Amino acid sequence: MKFQTPRGTRDILYPEVEYKNYIFEKSRELFKIYGFKEIVTPTFEQTEVFTKGIGEASDIVSKEMYTFKDRKGRSLTLKPEGTAPVVRSFIQNKMYGKPLPIKLFYCSQMFRYERPQAGRSREFSQVGVEILGTIDPLADVEVISLVINLYKELGITQTKLFINSMGCRNCRRDYLKDLVNFLKIRSKKLCKDCNFRIKKNPLRVFDCKNENCKQILADSPTLKDYICSECKEHFEKVLKGLKSLNISYQLNDRLVRGFDYYTKTVFEVTTPELGAQDAICGGGRYDYLIEDYGGPPTFAVGVAIGVDRTANVMMNMSIKPFPEKNIEVFIITINDELKEKASILLDKLRGNKISSDMDYCNRSLKGQFRMADRLKVKYVLILGEKELADNKVSLKEMETGQQLHINYDNVINYMKDKINVR
RNA sequence: GUGAACGUAGCUCAGCUGGUUAGAGCGCAGGAUUGUGGCUCCUGAGAUCGCGGGUUCAAAUCCCGUCGUUCACCCCA
């Protein structure tokens, strides 16, 4: 019987895991500088936490969730995104009673039952931030500048920021009415998918890749023209704020994000380093979500950053995360009887924070040296009968090939000096 | 959920239109150097040819199914 990871999941091995850790570390660091506090929400939630906010009609809820029943028959779902759980927690823990805004960040695995593809798997990591309790456009600006700065910090500079305003419920109501009328008149010319979208979620027609549909949609009413004065003013302030921080952006009034909870500002950052799945983060404002979840009316804005995709960008760009750390000392024994002695010495070295290792595969002397070479160690300690008879060990410096005897009792201090000097 | 390509040693691949014991390079282990790595040379280990079924005298090769991978669509990080 051979086991393997379930479809769309994988083992993250060294050195890729180092990229992930690096991104987590840098994100945490930066988020804290911006005044965010970490929150860890459960891996699974009551299914309604997601269905209500993301939208029953959305792709994620309708076909991409890992939903299961527990032994008491409760419907639970592995989290497909981070915002809904944070909102649930905000309300459950009555954070609205604290001085606002509340600034939270998370680093977590997400799960979506999707067809795997480059840059998309069924389990993936996201880091994200949420600012709850303010409608200030500068909060939107902060979130966006935060991700831009994070990418800069990680060495990713070739990014493109797309931004749009989805308006509030008032302006969207009028717009949707006119858009649906526009689409219905042309429904015969539109593709099957688009006709389905008209009923399901008309805004989704703008995602259509069909050239014919694209052409028809070029003349469609745009949300931009329906935006109420309040939303318009808000959006302009966001753009102004971005400009003042020298963040370049591209307006894209076709940008519609996949969660129904978004209002006003929505944005997405893409990179030319990836394939078809080129968005490395996405976010926006969700001013009704908290209220809809039974909390007090609270405005909020947030972003989610794809860690795996970001790691891929770094790898494609040959950006190194942490400097490579090799073992410092490798212990070699002339014969197997000395292995136990080596193990004692090894324990002492490690006790003194000197990273070290030895062979456990009964390799020949030559094999042990090859091993040491492969591990790129600087020093090899050789335990041999000749040396030990005089209470000594041999120390070989691998780069130069130079070898000398040192007192067994002195080994630790000698090695400590050697390594600290470097 | 839709479409396409692919699945042969640890890795990268060869194996033409079915025909004996399935190969190479790299890697791994040992040796040449009876106590010394990186170069070279020699030797060796390692493959139920993804899995199941079918066609055939004969299947890694053809057919069907299945699982998986990859890429794209949908959608999204």
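In what follows, chains are A, B, ... by sequence order, proteins preceding strands, each numbered from 1. Note that the structure is predicted; figures quoted are calculated from it, not measured.
- Atom P of B:U33 sits at a distance of 22 Å from the matching atom of B:C28, rounded to the whole Å.
- We find that CG of A:Leu404 is positioned 18 Å from P of B:U36, with the value rounded to whole Å.
- Of the candidates B:G35, B:U36, B:C73, the closest approach to any side-chain atom of A:Ala276 belongs to B:C73.
- Taking atom C1' on both nucleotides, B:U61 is separated from B:A29 by 33 Å, rounded to a whole Å.
- Rounded to an integer number of Å, the gap from A:Gln402 CD to B:G37 P is 17 Å.
- Across all strands shown, B:G44 forms a Watson-Crick or G-U wobble pair with B:C28, both key distances being under 3.5 Å.
- In this structure, A:Ile334 reaches the bases: a heavy-atom distance under 4.0 Å links it to at least one base atom across the strands shown.
- Taking atom NZ of A:Lys396 as the reference point, atom C1' of B:G35 lies 11 Å away to the nearest angstrom.
- Listed nucleotides: B:C75, B:G38, B:U36. Nearest to the side chain of A:Arg370: B:G38.
- In this view, A:Lys26 and A:Tyr22, A:Glu29, A:Leu150, A:Glu153, A:Leu154 satisfy the side chain to side chain contact (heavy atoms under 4.5 Å, CB included) rule, not counting sequence neighbours.
- In this structure, A:Arg309 contributes its side chain and A:Ala279 its backbone to a donor-acceptor pair below 3.5 Å.
- B:U69: Watson-Crick or G-U partner is B:A5, with both key distances under 3.5 Å.
- Side-chain polar atoms of A:Gln109 and A:Thr43 form no donor-acceptor pair below 3.5 angstrom.
- For B:G37, neither phosphate oxygen OP1 nor OP2 lies less than 4.0 angstrom from any side-chain nitrogen or oxygen of A:Arg363.
- The partner of B:C49, taking Watson-Crick or G-U wobble pairs whose two distances both stay under 3.5 Å, does not exist in any strand shown.
- Counting non-hydrogen atoms under 4.0 angstrom, A:Ile382 reaches a base of the nucleic acid.
- Looking at the side chain of A:Asp373, the nearest of the listed nucleotides B:C73, B:G38, B:U36 is B:G38.
- Across all strands shown, nothing is found opposite B:U34 as a Watson-Crick or G-U wobble partner with both distances under 3.5 Å.
- Checking B:G30, B:C73, B:G37 against every side-chain atom of A:Ser364, the shortest atom distance belongs to B:G30.
- Not a single donor-acceptor pair, N or O on each side, falls under 3.5 Å between the base of B:G38 and the side chain of A:Glu399.
- Under the 3.5 Å distance criterion, the side-chain polar atoms of A:Lys37 are left unmatched by any main-chain donor or acceptor of A:Ile102.
- Each of A:Glu81, A:Glu123, A:Arg122 was scored for a side chain to side chain contact (heavy atoms under 4.5 Å, CB included) with A:Arg112, with one residue passing: A:Glu81.
- Across all strands, A:Glu114 comes closer than 4.0 Å to base atoms (heavy-atom distances).
- Side chain of A:Asn316 to backbone of A:Glu273: a donor-acceptor contact under 3.5 angstrom is found.
- Partner assigned to B:U17 is none, using Watson-Crick or G-U wobble distances below 3.5 angstrom.
- Counting non-hydrogen atoms under 4.0 angstrom, A:Gln109 reaches nothing in the nucleic acid.
- Along RNA chain B, the nucleotide closest to A:Gly275 and the one closest to A:Tyr113 are compared, and the more 5′ of them pairs with A:Tyr113.
- Rounded to whole Å, atom C1' of B:C75 lies 10 Å from atom CZ of A:Arg309.
- Checked by distance alone, A:Glu64 brings no side-chain donor or acceptor within 3.5 Å of a matching partner on the base of B:C75.
- Within 4.0 Å of A:Arg112, counting heavy atoms only, lies at least one base atom of the nucleic acid.
- Sparse packing is recorded around NZ of A:Lys160, with 12 or fewer heavy atoms of other residues, nucleotides or ligands lying under 6.0 Å away.
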Atom pairs under 3.5 Å, N or O on each side, protein against nucleotides 67-70 of chain B: can you list them with distances?
from: B:U69; atom 1: OP1; to: A:Gly8; atom 2: N; distance (Å): 3.4
from: B:U69; atom 1: OP2; to: A:Arg7; atom 2: NE; distance (Å): 2.8

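- Note on A:Gly128: nothing from the nucleic acid sits closer than 4.0 angstrom, heavy atoms only.
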Test ring-ring contact (aromatic ring centres under 6.0 Å, His included) on A:Tyr175 and A:Tyr226; report intermediate values, then the result. CA-CA 6 Å; A:Tyr175 171 65; A:Tyr226 291 76; 5.2 Å; yes
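- Taking atom C1' on both nucleotides, B:A58 is separated from B:U70 by 34 Å, rounded to a whole Å.
- Distance check on atom P: B:U55 versus B:A60 gives 16 Å, rounded to whole Å.
- In terms of modelled atom types and a separation under 3.5 Å, the side chain of A:Lys103 and the main chain of A:Tyr34 share a donor-acceptor contact.
- One P atom belongs to B:U8, the other to B:G50, and the distance between them is 6 Å to the nearest Å.
- Side chain to side chain, A:Asn93 and A:Ser89 meet the donor-acceptor criterion of an N or O pair below 3.5 Å.
- In this structure, A:Leu395 atom CG and B:G37 atom P are separated by 17 Å, rounded to whole Å.
- Note: CG (A:Leu365) to C1' (B:A29) measures 15 Å, nearest angstrom.
- The stretch residues 337-347 of chain A has no heavy atom under 4.0 angstrom from RNA chain B at all.
- Remark: the A:Thr77 side chain and the A:Thr67 side chain contain an N/O donor-acceptor pair separated by less than 3.5 Å.
- With hydrogens and angles disregarded, no donor-acceptor distance shorter than 3.5 Å links the side chain of A:Arg285 to the backbone of A:Phe299.
- On the C1' atoms, B:C63 is 13 Å away from B:G18, given to the nearest whole Å.
- To the nearest angstrom, P of B:G30 lies 14 Å from CZ of A:Phe369.
- Taking 4.0 angstrom as the limit, A:Gln277 places a side-chain polar atom (N or O) nearer than this to OP1 or OP2 of B:C73.
- Nucleotides B:G27 and B:A45 have their C1' atoms positioned 13 Å apart, rounded to a whole Å.
- Remark: A:Ala311 pairs with A:Tyr19, A:Ile23, A:Met315 by the side chain to side chain contact (heavy atoms under 4.5 Å, CB included) rule, at least two apart or across chains.
- Take A:Asp390 and apply the side chain to side chain contact (heavy atoms under 4.5 Å, CB included) test, not counting sequence neighbours, and it matches A:Lys392.
- For the P atoms, the distance from B:G44 to B:G25 is 13 Å, rounded to whole Å.
- Looking at heavy-atom distances under 4.0 Å, A:Ser121 makes contact with a base.
- Within 4.0 Å (heavy atoms only), A:Glu81 reaches no atom of the nucleic acid at all.
- Taking atom CD of residue A:Glu385 and atom C1' of nucleotide B:U34, one finds them 14 Å apart after rounding to whole Å.
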Measure all distances between protein nitrogen or oxygen atoms and nitrogen or oxygen atoms of nucleotides 43-45 of chain B, and list the pairs falling under 3.5 Å.
none

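- Looking only at distances, a side-chain donor or acceptor of A:Thr263 sits under 3.5 Å from a matching main-chain atom of A:Asp287.
- If you check every strand for non-hydrogen atoms under 4.0 Å, A:Ala279 touches sugar and phosphate atoms only.
- For OH of A:Tyr113, the number of neighbouring non-hydrogen atoms (other residues, nucleotides, ligands) closer than 6.0 Å is 12 at most.
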